[in-house]
Number of protein chains: 2
Amino acid sequence: MHERELRAFVAIVEAGRMDHAATSLGYSQPAISYQIKCLEQQLGTRLFFRHPDGAQLTPEGAMVLPSARAVLALLDGIKELTGRADRSTAPVEHLRVAG
Amino acid sequence: MHERELRAFVAIVEAGRMDHAATSLGYSQPAISYQIKCLEQQLGTRLFFRHPDGAQLTPEGAMVLPSARAVLALLDGIKELTGRADRSTAPVEHLRVAG
DNA sequence: GGTGTTTACGTGGGGCGTAAGTATC
DNA sequence: GATACTTACGCCCCACGTAAACACC
């Protein structure tokens with residue numbers, strides 16, 4: 001359960017599609033797919049329904065989402081605490097589901 | 001800023017010494033030293049004062065500590081949410097120095 | 001056939017342990 | 001000389017991108 005996986009997770013939620021999330025994070029689609037696969041294996045549950053038109057959050061994924069965002073917010077907070085704030089990477093404060 | 005680094009960080013705070021923290025986490029001393037080195041480089045600040053009798057938290061480290069613990073608590077919470085609670089790895093709620 | 005995701009495969013970087021080095025008492 | 005941390009070195013595993021395959025419309 002690494003930071004990258006959680007960022008991939010929320011990015012997919014934002015975009016509704018893995019390939020867009022991959023682009024926004026600077027990865028290839030398979031890399032994002034792999035991240036989510038790893039995350040799902042770690043948690044022992046499915047986080048997304050795979051549909052032909054994109055990826056949709058499962059109930060379990062919806063339960064995880066707030067905590068995932070909180071973790072990312074805390075990590076950004078730690079960076080700010082130590083004077084390493086990085087506002088260019090779109091911190092979680094204004095995150096919302098696309099659409 | 002990976003989960004392992006944060007666990008190493010709080011373990012050192014608990015133990016007051018890197019080698020004890022390493023033992024409690026099942027790592028060698030150099031591995032823990034490396035983790036903290038990476039964490040300090042990422043944050044651009046010193047987290048511990050290195051003394052001949054152990055490691056002492058810097059003011060910056062003290063600022064980071066609550067957030068680090070919160071992140072670990074959230075990560076444990078995510079595992080619980082998805083039915084993968086693992087109480088055997090000593091979650092942060094009851095952490096204390098052994099003995 | 002087009003779109004979106006997954007699997008396969010090869011490569012590069014990171015994290016570990018062991019061993020040697022540095023500093024303080 | 002003992003204790004605690006750091007640096008050096010080598011190895012293995014993980015994470016990535018490219019390419020091919022699969023599923024659904």
Side-chain angles (χ1 to χ4, degrees), chain A residues 1-58 60-61 64 68 71-72 75 89 97-99, chain B residues 1-58 60-62 64-65 68 71-72 75 89 97-99:
Chain A
M1 184 141 44
H2 297 139
E3 180 178 359
R4 288 177 179 174
E5 296 168 344
L6 296 179
R7 297 219 182 261
F9 172 65
V10 299
I12 294 172
V13 175
E14 303 290 330
R17 289 169 45 177
M18 289 195 186
D19 60 342
H20 286 193
T23 301
S24 69
L25 294 176
Y27 294 140
S28 64
Q29 287 101 335
I32 292 293
S33 177
Y34 175 75
Q35 298 279 11
I36 297 304
K37 179 184 174 184
C38 290
L39 196 51
E40 289 177 331
Q41 286 182 346
Q42 288 175 59
L43 298 178
T45 188
R46 213 68 174 166
L47 295 174
F48 292 103
F49 294 119
R50 276 73 162 177
H51 294 306
D53 58 344
Q56 183 193 5
L57 216 49
T58 63
E60 290 80 10
V64 170
V71 168
L72 297 178
L75 294 180
T89 54
V97 177
Chain B
M1 186 143 40
H2 297 138
E3 181 179 359
R4 288 177 181 175
E5 294 167 347
L6 296 178
R7 296 218 182 261
F9 172 65
V10 298
I12 293 172
V13 174
E14 301 290 329
R17 289 168 46 176
M18 290 195 187
D19 60 342
H20 286 193
T23 300
S24 68
L25 293 175
Y27 294 139
S28 65
Q29 288 100 336
I32 293 293
S33 177
Y34 176 76
Q35 298 278 12
I36 296 304
K37 179 185 175 185
C38 291
L39 196 52
E40 289 176 331
Q41 286 181 346
Q42 289 174 57
L43 298 178
T45 188
R46 213 70 174 163
L47 295 174
F48 292 102
F49 294 119
R50 276 72 161 178
H51 294 304
D53 58 343
Q56 182 192 5
L57 217 49
T58 64
E60 291 80 10
V64 170
L65 182 59
V71 168
L72 297 179
L75 294 180
T89 53
V97 177

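Chain A is the first sequence line, chain B the second, and so forth, proteins listed ahead of strands; every chain is numbered from 1.
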- Note on the structure: Closest of C/dA19, D/dA19, C/dT24 to the A/Pro30 side chain is D/dA19
- Message: Between P on C/dG15 and CD1 on B/Ile32, what's the gap in Å once rounded to a whole number?
- Response: 13 Å
- Task: Evaluate the side-chain proximity of B/Met1 to B/Leu43: yes if any heavy-atom separation is below 4.5 Å, no if none is.
- Result: yes
- Query: Closest to the B/Ser28 side chain: D/dT18, C/dT24, C/dT18?
  - Reply: C/dT18
- Would you check if the side chain of B/Thr58 reaches a backbone N or O of B/Arg46 as a donor-acceptor pair within less than 3.5 Å? yes
- Message: Can you tell me if A/Arg50 touches the phosphate of C/dT5, counting only side-chain N or O atoms and a distance under 4.0 Å to OP1 or OP2?
- Response: no
- Message: In whole Å, I'd like the distance from the CE atom of B/Met18 to the P atom of D/dT7.
- Response: 10 Å
- Please state how far atom NE2 in A/His2 lies from atom P in D/dC13, giving the value in whole angstrom units. 16 Å
- Message: If the cut-off is 4.0 Å, is B/Gln29 near the phosphate of D/dT3, judged by side-chain N/O to OP1 or OP2?
- Response: no
- For atom CD of A/Glu3 and atom P of D/dA15, their distance in whole Å: 14 Å
- Item | side-chain N/O A/Tyr34 vs D/dC16 OP1/OP2, d < 4.0 Å | no
- Item | Gap separating the CD atom of A/Gln29 from the CD1 atom of A/Ile32, nearest 0.5 angstrom | 9.0 Å
- Message: Can you confirm whether A/Gln35 sits close enough to A/Ile12 that some side-chain heavy atom of one is under 4.5 Å from a side-chain heavy atom of the other?
- Response: no
- Item | Distance in angstrom units between A/Glu5 CD and D/dA15 P, rounded | 7 Å
- Message: So A/Leu47 and A/Val13, do their side chains get closer than 4.5 Å, heavy atoms only?
- Response: no
- Note on the structure: Considering only heavy side-chain atoms of B/Lys37, the closest of D/dA15, D/dC5, D/dT7 is D/dT7
- Note on the structure: Whole-Å distance, A/Phe48 CZ to C/dT6 C1', equals 15 Å
- Note on the structure: Rounded to whole Å, the CG-C1' distance (B/Asp53 to D/dA2) equals 13 Å
- CG of A/Asp19 versus P of D/dC22: gap in Å, rounded? 21 Å
- OP1 or OP2 of D/dT6 under 4.0 Å from side-chain N/O of B/Ser33: yes
